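The structure under discussion appears below in the form of structure tokens.
Here the structure is a predicted model, which means the values were calculated and not measured. Just so we're on the same page: letters track the sequence lines, and every chain starts at 1.
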2 protein chains.
Amino acid sequence: MSSKGLFVSEAVLLGKSARTRARLMDAAAQLFARQGFEAVSVNEIARVAEVANGTFYVHFRDKDEIAGAVAFGIAQEVVRQLDEAMTDIDDAMERTSMATRRFIDLAGSEPDWGGALFRAVLTFQDLRESVIGYLRADLQRGVSQGVFTTEIDDVVIDTFVSMAMGALFGRLNGRFGPELGSRVAELQLRMLGVPARKAAKVAWREIPPLELHIRPLAKTWPVGRQP
Amino acid sequence: MSSKGLFVSEAVLLGKSARTRARLMDAAAQLFARQGFEAVSVNEIARVAEVANGTFYVHFRDKDEIAGAVAFGIAQEVVRQLDEAMTDIDDAMERTSMATRRFIDLAGSEPDWGGALFRAVLTFQDLRESVIGYLRADLQRGVSQGVFTTEIDDVVIDTFVSMAMGALFGRLNGRFGPELGSRVAELQLRMLGVPARKAAKVAWREIPPLELHIRPLAKTWPVGRQP
DNA sequence: ACAATATTTGACAAATATCCCATTTTTGGG
DNA sequence: CCCAAAAATGGGATATTTGTCAAATATTGT
């Protein structure tokens, strides 16, 4: 039934403690995504992770702590993948539309992570603010490049994020298909003042499919026990 | 401490049963708004409503039932107020921007209702679909009138809704002030193809403040006991 | 294989939740 | 004021959840 989650894949080479911790985080991510943070109990997380209930408390103080770890871990990985995909791209329209499309595609490729991330952004305002910070540079770059005619401030960025979040949600619920990313990216560009023709052209350009192939972290040892 | 909620205001003239039911719904709305649906217990609702725990079960089967009643009740009232405010308006830009602005202003004037509605739209997909249905006519009217150049379909409407929902959320969290409604309405109009100048003009037009002044419902009597 | 250390286990106490229902309180017509 | 119907009460049986801890098990360097 339970194929390995992404946190476990990332931790395969690590020590036992880290692997167990990863199992708990995968279980938590899955449950948060499917039921929402509040509906999930510590017991349930332990059960899905297939560890004893006491084991949970060895790794996390409480549900909030694991939620933070899950949110942070997912965000970190998604940002890493986005940065990687965008290193060579200079054009602000390309960059923002790539970010939106990949973000929304998370719902298709890794629905548990997508769902958990969605919930997390609603729960942790810090996280939303990080996202806003992350996007600010690219949106302002568009203004500098003369392609975005809307002045960029927190309201504009927040609305830009809301559009992507709403789309992620719609995709998670199966209301829309794989073309949603391009559709929404196009609407975002139009909102920012890009002419319709141009917006369509950029938003529908082919991009390599998103694959979150996890690279296992290097082995570490328990503290105070260096080989 | 506990000033009357809107459901109670609406029920002041009704029989005792209806008034108690309304107290429970006000308590539930407040708690759902502040903590999210799943985090709230039936016990807590009864405590905040200042009724005994068993009383809850006289009026509702379980938490889902009261959540549905709250969501439906709020949605109904908001729609009523919106319809009332828009009866005389023909212009699609005016109508959609009025709807967005009033909706977002809910967060300022009635944060408990705003918060509960926000959570409800995430929880009950039916509700989101009702909202989409509600907006479709006005958005299509804009196309007919030649002011919206973007073709209207479910993706566009859903994105339009996401922008308003995200703004409601931002306002609820105190990240933005009263001008947010106009800001977002303007961005929506630009997304739909309205020229920047025109969009700004419409979205910033003065509108009468939203006041959800509840009109008490007419008295009813217990079944099988007509006077 | 052994010893030392790291990790996991599962039972349990305390707290909290759900839902029921016999009893009490309130209501309003006559 | 009195009574019958309506409404509310709160105690309690049952279930679930949280968080702790002594004991059991697994891992690793030597």
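- Backbone-only contact: B:Ser41 has heavy atoms under 4.0 Å from sugar-phosphate atoms and none from a base.
- The interatomic distance linking A:Arg23 (CZ) with C:dT7 (C1') rounds to 14 Å, in whole Å.
- Atom CD in A:Glu65 sits about 15 Å away from atom P in D:dT18, given to the nearest Å.
- Within the 4.5 Å cutoff, side-chain heavy atoms of B:Asn53 are placed close to those of B:Tyr57.
- Spacing between atom CG of B:Leu24 and atom C1' of D:dA8 amounts to 11 Å, rounded to whole angstrom units.
- In this structure, the side chains of B:Gln35 and A:Glu38 stay at 4.5 Å or more apart for every pair of heavy atoms.
- Residue side chain A:Asp62 does not reach the base of D:dG19 through any donor-acceptor N/O pair under 3.5 Å, judged by distance alone.
- Each of C:dA11, D:dG11, C:dA17 was ranked by its minimum atom distance to the side chain of B:Asn43; first place goes to C:dA17.
- The nearest whole Å value for the distance from the CZ atom in A:Phe56 to the P atom in D:dT16 is 20 Å.
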Given B:Arg119 and B:Phe124, is the side-chain contact (heavy atoms from CB on, under 4.5 Å) satisfied, shown in steps?
CA-CA 9 Å; B:Arg119 310 276 191 168; B:Phe124 304 115; over 6 Å; no
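- Atom CZ of A:Arg19 is separated from atom P of C:dT7 by 11 Å (rounded to the nearest Å).
- When rounded to the nearest whole Å, the span between CZ of B:Arg47 and P of D:dG10 equals 15 Å.
- Candidate nucleotides D:dG19, D:dG12, C:dT9 were compared by shortest atom distance to the side chain of B:Asn53, and D:dG12 ranks first.
- Note: CG (B:Leu14) to P (C:dT27) measures 15 Å, nearest angstrom.
- Counting non-hydrogen atoms under 4.0 angstrom, A:Val58 reaches a base of the nucleic acid.
- Heavy atoms of A:Ser17 sit under 4.0 angstrom from primed sugar atoms or phosphate atoms, though from no base atom.
- Atom pair A:Arg61:CZ and D:dG19:C1' shows a separation of 13 Å (rounding to whole Å applied).
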Which pairs would a plain distance check flag for residues 157-173 of chain A, meaning a side-chain donor or acceptor within less than 3.5 Å of a matching protein atom at least two apart in sequence or in another chain?
unit_1	atom_1	unit_2	atom_2	d
A:Asp158	OD1	A:Arg128	NH1	3.0
A:Asp158	OD1	B:Arg175	NH2	2.7
A:Asp158	OD2	A:Arg128	NH1	3.1
A:Asp158	OD2	B:Arg175	NH2	3.3
A:Thr159	OG1	A:Val155	O	2.8
A:Ser162	OG	A:Asp158	O	3.0
A:Arg171	NE	A:Gly177	O	3.3
A:Asn173	ND2	A:Phe169	O	3.3

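- Summarising the local packing, CZ of A:Phe72 is surrounded by 12 or fewer heavy atoms from other residues, nucleotides or ligands at distances under 6.0 Å.
- Remark: A:Tyr57 is in phosphate contact with D:dG19, judged by side-chain N or O atoms under 4.0 Å from OP1 or OP2.
- In this model, the phosphate group of D:dA7 is not approached by any side-chain N or O of B:His59 to a distance below 4.0 Å at OP1 or OP2.
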